Amino acid sequence: MSEEPQGGHVDDPSSASRARRAARAADDPGDGANTPRYADSAAKRRRGRLRPRWGRIAALAMALVLFVVVAAAGIYIWRANAGIKRSGAIADKTSQSSDLDLLVMGLDSRVDVNGNALPSDIYDALHSGDASDGGLNSNVLMYVHVPADGSQASVFAIPRDDYVDFPGCPDGVCKGKIKEAYGYAADAKTQELDKQGKTGQDAYQQARDAGRAAEVRTVEQFLGVEIDHFIEVTMVAFFQIAQVVQPITVCVNEKTVDTYSGADFKAGEQDINAEQAMAFVRQRRDTDNPDLAFTDLDRSRRQQAFIASLLVKLKKTNLLTNPGQLDKLVQVAQQNTVLDKNLKISQLTSLATSLEGSKLNFYTLPVESFGTADDGAAINVVDKAKIQGIVRSILHPGQSASPSASASASGSASYSPTYGMGATVSVMNESGVTGAAASLVGQLTGFGFTAGQATNGADILQESSVSYGSAVAGQAKQLAQQLGGLSANADSTLGANAVVVHIGTGFTGWPSASPSAASSAASTGGSSVSPSASSTAIPSAVDANSGGQSGPEPSQLTQISGGGIPCVK
């Protein structure tokens, strides 16, 4: 028997603060996800059951499936007055661009968009627990860009465990897995409303909106883009849509079996039903070959392959002209979708046109390595400068991969090769990122500074700043501008020639390649890259089919093109 929902809905925000730390210990073993869950995991343990957690994996495919169907069937949905929930979570944008920049968020939640429990037969079919399972992590994050002329749609999958900065430090957390921004912000808003005595459905939706806004801001900062719209979906939609569109033709490189997820696929193309589709997108191991590891990046590529295959089927059949089938899809959208209030039907229908064949490319963004955060959570170590360079090079080919370098070339942000002469620069690392202080000290010597000390602060702080002694105000202020417009303050306790940079968790102003480094590269025939990363050279995309049974390396940018049935690991 499930416990009585609190506060009029199951996914009660008021439980989040109490449950967040406990939820870390109860999170999915072997999936590298020790995260805040915005759900009462303690109730699960009292009932003595931890059911298989396919949902956080199936969500990887569900979001774009529903997104494509909503886009393709958009006119019908609005004509039928479908009543899809709208949100004012993000403010109206002032961008003059008519491009479509949209974030797809898929939540690890076992409830509908109002926080209500699903019918019992759905839980029975999913084998994924009940309404108390799951939470408000954005386990699917897809950034979609369609230029105004509709020439090319690009979809970027962001691995959910990428370790990034959280703008505004929601819930006092300034850095974490990118998927967690939603849950932390929702929890912080709930606590704020609790103190005001506000509860119930209105407070619940305000908390959800805070989570949506925080996730959008976090992705914007990480990718270096501006996002105008979002679509949010819950995990149950994948299964419901798969039931409508089955069978779907998919392809895998090698025979593979996973008794945990139920995956059992032969090599090559094959038709699969809804239950097999769930296994296809959630497979995390090969039980016949334990050495063959599946990562979140592999599962991202599986879901992209499923989407590409779905588009092929939609093009070949009359599914989206069948009123009976469309009615079923509309019901899924009503129960499991939230759109931002400014997303227009005309944008969705134009997007549907762009989602055809070679006009569509899926990318899975790379990670540098798999690591562990200070709190023990398994994370993806990422190179932010490289990620932004990748996105920029794909969306705006021919432009500089480094905005700092581009600005310098145009004369809007020019720095003398020796503007730091006469000053000794030290760096206090208060970001928690290992090696950040030493890295920055080394980089700044290329601008004429004398290397000082690289130390770690006692506390982790959000803000970054520059302080300076009495004789080096000019050098310090120019440095502060180069590092992203930081505040620069005189400090009488410092030596006259001393400059100290304090790096907080929100620090994003790594300098572009130093003039001396650029000169050296030119003299040797090499290439100069931004020292803000270990390897900021922009990689070329490889086919997601590369690597055979082992698949592409996590550090490789991968691509899947529309118009066919892609084979994947």
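For this chain, numbers begin at 1 and follow the sequence in order. Keep in mind that what you see is a predicted model, and the values were worked out from it rather than measured. We use all heavy atoms of the structure for the numbers below, so side chains are in, but hydrogens, waters and symmetry mates are not.
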[X] versus [Y], closest heavy-atom pair with distance:
X: Asp99; Y: Asp228; answer: O-OD2, 4.1 Å
X: Ala185; Y: Ala210; answer: CB-O, 3.5 Å
X: Arg302; Y: Val281; answer: CB-CA, 4.5 Å
X: Gln304; Y: Ala157; answer: NE2-CB, 3.3 Å
X: Pro366; Y: Val382; answer: O-CG1, 4.4 Å
X: Val245; Y: Lys313; answer: O-NZ, 2.8 Å

If we only count heavy atoms from C-beta on, is the [X] to [Y] side-chain gap below 4.5 Å?
X: Tyr143; Y: Val225; answer: yes
X: Val219; Y: Glu215; answer: yes
X: Ile227; Y: Leu102; answer: no
X: Leu311; Y: Leu360; answer: yes
X: Asp187; Y: Tyr182; answer: no
X: Leu103; Y: Glu220; answer: no
X: Gln559; Y: Val542; answer: no
X: Leu365; Y: Leu557; answer: yes

Report the distance from atom [atom1] of [X] to atom [atom2] of [Y], rounding to the nearest 0.5 Å.
X: Asn139; Y: Leu107; atom1: CG; atom2: CG; answer: 8.5 Å
X: Leu223; Y: Asp162; atom1: CG; atom2: CG; answer: 9.5 Å
X: Met142; Y: Thr364; atom1: CE; atom2: OG1; answer: 6.5 Å
X: Asn380; Y: Ile158; atom1: CG; atom2: CD1; answer: 12.0 Å
X: Thr558; Y: Asp543; atom1: OG1; atom2: CG; answer: 8.5 Å
X: Glu180; Y: Asn137; atom1: CD; atom2: CG; answer: 6.0 Å

Worksheet item: Once the angle between the rings of Phe265 and Phe280 is folded into 0 to 90°, is it parallel (under 30°), tilted (30 to 60°) or perpendicular (over 60°)?
Response: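 If you compare the ring of Phe265 with that of Phe280, the planes turn out perpendicular.
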Worksheet item: Using 30° and 60° as the class limits, which term best fits the ring planes of Phe166 and Tyr184: parallel, tilted or perpendicular?
Response: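 Correct class here is tilted.
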Worksheet entry | Working for side-chain contact (heavy atoms from CB on, under 4.5 Å), residues Asp288 and Thr256 | CA-CA 7 Å; Asp288 280 0; Thr256 181; over 6 Å; no
Worksheet item: Which is it for Ile394 and Ile390 under the side-chain contact (heavy atoms from CB on, under 4.5 Å) test, yes or no, and what are the steps along the way?
Response: CA-CA 6 Å; Ile394 292 172; Ile390 288 171; 3.9 Å; yes
Within the distance-only criterion (no hydrogens, no angle test), does the side chain of [X] pair as donor or acceptor with the backbone N or O of [Y] below 3.5 angstrom?
X: Lys177; Y: Ala378; result: yes
X: Arg301; Y: Ala544; result: no
X: Gln388; Y: Phe222; result: yes
X: Ser309; Y: Thr249; result: yes
X: Arg212; Y: Ile231; result: no
X: Ser546; Y: Pro552; result: no
X: Thr287; Y: Val257; result: yes
X: Gln276; Y: Asn273; result: yes
X: Ser87; Y: Ala89; result: yes
X: Gln240; Y: Ala242; result: no

NZ/NE/NH1/NH2 to OD/OE distance under 4.0 Å, [X] and [Y]:
X: Glu368; Y: Lys386; answer: yes
X: Asp161; Y: Lys179; answer: yes
X: Glu254; Y: Lys569; answer: no
X: Asp258; Y: Arg284; answer: no

Practice prompt. List the steps, then state whether side-chain contact (heavy atoms from CB on, under 4.5 Å) holds for Val104 with Leu141.
Written response: CA-CA 6 Å; Val104 179; Leu141 286 170; over 6 Å; no
Item to complete: Might you work through the salt bridge (charged side-chain N to carboxylate O under 4.0 Å, His left out) test for Arg160 and Asp296, ending with a clear yes or no?
Response: CA-CA 8 Å; Arg160 62 183 184 167; Asp296 272 345; 2.6 Å; yes
For residues [X] and [Y], is any side-chain donor paired with an opposing acceptor at under 3.5 Å?
X: Ser154; Y: Asn361; result: no
X: Asn545; Y: Asn253; result: yes
X: Gln283; Y: Arg299; result: no

Practice prompt. Evaluate the side-chain contact (heavy atoms from CB on, under 4.5 Å) criterion for residues Val250 and Phe306: first the C-alpha distance (whole Å), next the side-chain angles of each, then the deciding distance (0.1 Å), finally the verdict.
Written response: CA-CA 7 Å; Val250 298; Phe306 188 90; 4.2 Å; yes
